[in-house]
Visitor: 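Input: one structure, supplied below.
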There are 2 protein chains.
Amino acid sequence: MTPKIIEGRDIKGTKRGRGRPAVFDRSRALMAAMTLFWERGYEGTSFDDLIAAMGISASSFYNSFGSKEALYCEATKSYLDWSGHWFFAILNDPSIDTRTAFARLFESTAEEFTRGDHPPGCMISLAGTHCPPGMKHIREMMVEHRAFSEGAMAERIRKGIEAGDVPEDTDCDMLAAYYSAVARGLAVQARDGASREKLSEIGRLAMRAWPAGTARQQSGPGRNRG
Amino acid sequence: MTPKIIEGRDIKGTKRGRGRPAVFDRSRALMAAMTLFWERGYEGTSFDDLIAAMGISASSFYNSFGSKEALYCEATKSYLDWSGHWFFAILNDPSIDTRTAFARLFESTAEEFTRGDHPPGCMISLAGTHCPPGMKHIREMMVEHRAFSEGAMAERIRKGIEAGDVPEDTDCDMLAAYYSAVARGLAVQARDGASREKLSEIGRLAMRAWPAGTARQQSGPGRNRG
DNA sequence: GGATTTTTGGAGCGATGACACCAAAAATAA
DNA sequence: TTATTTTTGGTGTCATCGCTCCAAAAATCC
């Protein structure tokens with residue numbers, strides 16, 4: 001097994017405390033776990049699958065991650081860190097108006113859901129929707145994550161009303177719920193093998209439902225003066 | 001246990017062949033299984049959960065249904081029989097035009113996804129999307145079911161073009177993919193506890209993406225003369 | 001160097017999951 | 001009645017699942 005250890009530092013070169021150094025790269029292992037959960041779901045991913053993909057032993061697993069459920073939570077957070085990056089970058093981009101932000105959101109979704117370097121679709125959108133009572137905790141966690149992104153969309157639309165690029169009589173929560181639903185639908189399509197172009201076009205169609213008309217300021221960048 | 005048997009007939013009063021009569025109602029047991037699969041998913045539903053909910057023994061289970069997977073297929077067909085009823089009744093209603101058909105489809109979806117007498121959401125929409133390699137068969141089955149309903153929608157839109165109530169330059173497959181995605185999204189929303197009104201309104205918003213404009217015959221019932 | 005701390009390898013464990021087997025029971029057919 | 005067919009109850013089985021324990025190894029701290 002020849003642990004390749006550099007004096008005083010671990011594999012990634014960061015300083016360590018005392019104790020035997022880990023032979024594996026924790027964040028790499030976490031990514032491997034994330035990928036597996038993403039592809040197979042929580043229930044479909046077994047303990048043995050995990051430690052095999054992560055390249056570690058059962059002992060190291062529990063020493064470093066605690067339990068399957070704890071690992072799933074961590075993998076989920078890792079995923080959200082990652083996807084939240086592009087998601088919020090677009091949603092909160094001050095240089096574009098609200099409608100453009102949502103259009104770009106779907107362009108990026110189509111892209112992210114069909115990249116070759118990770119499983120298709122989304123790790124959150126469909127997770128914990130149908131599960132046994134014993135998975136209540138996980139289920140509630142996923143429901144919360146979904147509600148969070150829907151809430152962020154609603155907030156963005158509200159800002160759009162303030163900025164004047166969204167009609168004032170728009171039901172922000174409902175419009176967000178709609179776009180949230182479309183995103184979940186895209187996740188299903190992606191899982192079923194839809195192409196990037198197909199997802200893109202679905203997103204474009206979804207944008208045709210954007211509220212028409214009487215915004216104070218029809219288009220152009222939102223000023224976000226509020 | 002007292003099996004209540006009427007001479008020569010089984011519980012449901014239908015004629016039997018020879019052999020010891022079954023003490024349980026097969027279609028009732030199937031419904032119970034369907035409900036459980038619907039609520040918890042395939043992996044989340046254990047053998048013991050099933051026979052408990054169906055009120056039968058392991059022997060009766062395997063004698064009558066073969067295996068968990070076979071039962072799942074049967075439960076799925078049962079579900080499709082059932083949901084296909086209202087789905088195709090609306091989709092193929094000759095008295096309404098294409099756009100109205102889709103609007104009604106979503107009204108009904110909102111209703112069916114939030115009825116008290118069965119689990120919320122849909123048994124097909126999100127099933128088999130994230131699963132291990134060993135569930136390939138089930139996965140492919142569900143992908144096919146989803147493709148089937150999407151195909152039916154596309155077909156209906158094509159008929160709409162023929163009938164003249166849908167613009168001729170409409171991309172039928174893509175529009176169907178969009179509405180299919182929305183329906184999947186509604187399933188997620190329903191599973192997360194969305195109200196009937198919320199689903200309804202999402203459906204109404206989705207209808208705003210309907211192709212505008214240059215149909216040969218703007219509205220009114222489609223004649224289906226083709 | 002010795003104490004301490006942490007990770008690792010490897011074996012094992014109790015529970016559950018899905019199913020298999022078999023003889024008895026209860027019906028019909030001959 | 002007897003033979004045949006089918007269902008039932010009960011028990012057993014075999015693999016997997018998620019996890020635990022323990023002693024050895026490899027680092028740091030004093």
Side-chain angles (χ1 to χ4, degrees), chain A residues 1-26 29 33 36-37 40-73 132-135 137-138, chain B residues 1-26 29 33 36-37 40-73 132-135 137-138:
Chain A
M1 299 300 162
T2 61
K4 317 125 192 163
I5 305 286
I6 304 111
E7 292 278 354
R9 336 226 118 209
D10 72 6
I11 285 179
K12 300 211 63 179
T14 52
K15 243 200 307 205
R16 274 200 341 264
R18 78 167 133 190
R20 179 173 174 172
V23 301
F24 67 97
D25 183 332
R26 197 179 186 283
L36 214 56
F37 279 133
R40 305 184 180 182
Y42 179 75
E43 296 173 290
T45 308
S46 79
F47 184 78
D48 289 349
D49 292 338
L50 282 169
I51 61 173
M54 299 165 85
I56 64 179
S57 70
S59 320
S60 299
F61 181 94
Y62 284 102
N63 183 57
S64 191
F65 297 101
S67 72
K68 184 184 166 185
E69 187 175 335
L71 173 63
Y72 185 71
C73 292
M135 274 178 58
H137 180 229
I138 286 182
Chain B
M1 302 294 163
T2 60
K4 317 124 192 164
I5 305 285
I6 303 112
E7 291 279 355
R9 335 227 117 209
D10 73 5
I11 284 178
K12 301 211 62 179
T14 52
K15 244 203 304 208
R16 275 202 337 267
R18 79 167 134 189
R20 178 173 175 172
V23 300
F24 67 97
D25 183 331
R26 196 179 187 284
L36 213 56
F37 279 133
R40 305 184 180 183
Y42 179 76
E43 295 173 292
T45 307
S46 80
F47 185 78
D48 289 349
D49 290 340
L50 282 169
I51 61 174
M54 299 165 87
I56 64 179
S57 70
S59 317
S60 298
F61 181 93
Y62 283 102
N63 184 57
S64 191
F65 297 101
S67 73
K68 184 184 166 184
E69 187 175 335
L71 173 62
Y72 185 72
C73 292
M135 274 179 59
H137 179 228
I138 287 182

Visitor: Counting side-chain heavy atoms from CB outward, which of C:dT4, C:dT8, D:dC17 is closest to A:Val23?
Guide: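 In terms of side-chain proximity for A:Val23, the closest of C:dT4, C:dT8, D:dC17 is C:dT8.
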Visitor: Could you state the atom-to-atom distance from CZ of B:Arg40 to P of C:dG17 in whole Å?
Guide: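 Distance check: B:Arg40 CZ to C:dG17 P gives 11 Å.
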Visitor: Hey, which of these two, A:Phe61 or A:Ala58, hits DNA chain C nearer its 5' end, going by closest nucleotide?
Guide: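 Closest to the 5' end, via its nearest nucleotide, is A:Phe61.
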Visitor: Examine distances only and state if a side-chain atom of A:Lys68 and a backbone atom of A:Thr45 form a donor-acceptor pair shorter than 3.5 Å.
Guide: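 A pair under 3.5 Å: yes.
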Visitor: What I want to check is whether an N or O donor and acceptor connect the side chain of B:Ser46 with the base of C:dG17 at under 3.5 Å.
Guide: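 Absent.
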Visitor: Considering just the side-chain nitrogens and oxygens of B:Ser60, establish if one lies under 4.0 Å of OP1 or OP2 belonging to D:dT7.
Guide: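 So the side-chain polar atoms of B:Ser60 never come under 4.0 Å of the phosphate oxygens OP1 or OP2 of D:dT7.
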Visitor: Does a side-chain N or O from B:Ser57 land closer than 4.0 Å to OP1 or OP2 of D:dT8, or not?
Guide: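 For D:dT8, OP1/OP2 do not have a side-chain N/O of B:Ser57 under 4.0 Å.
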Visitor: Using a distance-only test with no angle check, is there a side-chain donor-acceptor pair under 3.5 angstrom linking B:Ser60 and B:Asn63?
Guide: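 Their side chains do not contain a donor-acceptor pair, so the 3.5 Å distance test is not met.
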Visitor: Which heavy atom in A:Ala58 sits nearest to a heavy atom in A:Ile51, and how many Å separate them?
Guide: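 That closest heavy-atom pairing would be N-CD1, 4.2 Å.
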Visitor: Classify A:Ser59 by what it touches in the nucleic acid, base, sugar-phosphate, or nothing, heavy-atom distance under 4.0 Å.
Guide: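 It contacts base atoms.
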Visitor: Send over the distance from B:Arg18 CZ to D:dA3 P, rounded to a whole Å.
Guide: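 Interatomic distance, CZ of B:Arg18 to P of D:dA3: 13 Å.
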Visitor: Using only atom types and a distance under 3.5 Å, with no angle test, would you say the side chain of B:Arg40 pairs donor to acceptor with the backbone of A:Pro133?
Guide: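 Such a contact is absent between B:Arg40 side chain and A:Pro133 backbone.
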Visitor: Side chain of B:Arg20 only, please: which of C:dA3, D:dT8, D:dA25 is the nearest?
Guide: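 Looking only at side-chain atoms, B:Arg20 lies closest to D:dT8.
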Visitor: Once you build an axis from the first five pairs and another from the last five of the helix from C:dG1-D:dC30 to C:dA30-D:dT1, how far apart in angle are they, to 10 degrees?
Guide: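 Computed angle between terminal axes is 0°.
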Visitor: What is the distance, to the nearest angstrom, from the CE atom on B:Met54 to the P atom on C:dC19?
Guide: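 Answer to the nearest Å: 13 Å.
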Visitor: Check the distance between D:dC17's P and B:Asp48's CG and give it to me in whole angstrom.
Guide: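 Atom CG in B:Asp48 sits about 17 Å away from atom P in D:dC17.
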Visitor: Indicate the ring-plane relationship of B:Phe24 and B:Phe65, choosing parallel, tilted or perpendicular according to the 30° and 60° boundaries.
Guide: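 B:Phe24 vs B:Phe65 ring planes: tilted.
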Visitor: What is the distance, to the nearest angstrom, from the CD atom on A:Glu69 to the P atom on D:dG18?
Guide: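 After rounding, the reported distance stands at 12 Å.
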Visitor: Once rounded to the nearest 0.5 Å, what's the spacing between atom OH of B:Tyr72 and atom OH of B:Tyr42?
Guide: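 Separation between the atoms: 9.0 Å.
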Visitor: Starting at OH of B:Tyr62 and ending at C1' of D:dG9, how long is that distance when rounded to a whole Å?
Guide: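 Taking atom C1' of D:dG9 as the reference, OH of B:Tyr62 is at 16 Å.
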Visitor: What is the distance, rounded to the nearest whole Å, between atom CD of A:Glu43 and atom P of C:dG17?
Guide: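 From A:Glu43 CD to C:dG17 P: 11 Å.
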Visitor: Rounded to whole Å, please give me the gap between CD1 in A:Ile51 and P in C:dT8.
Guide: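 After rounding, the reported distance stands at 13 Å.
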Visitor: Where each residue is assigned the nucleotide of DNA chain D containing its nearest heavy atom, which of B:Ser64 and A:Tyr42 is assigned the position nearer the 5′ end?
Guide: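 This one resolves to B:Ser64.
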Visitor: Calculate, to the nearest 0.5 Å, the distance between atoms CG and OG belonging to B:Leu71 and B:Ser64 respectively.
Guide: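 Separation between the atoms: 9.0 Å.
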Visitor: Name the closest nucleotide to the A:Ala22 side chain, picking from C:dC19, C:dT8, C:dA3.
Guide: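 Closest nucleotide among those given: C:dT8.
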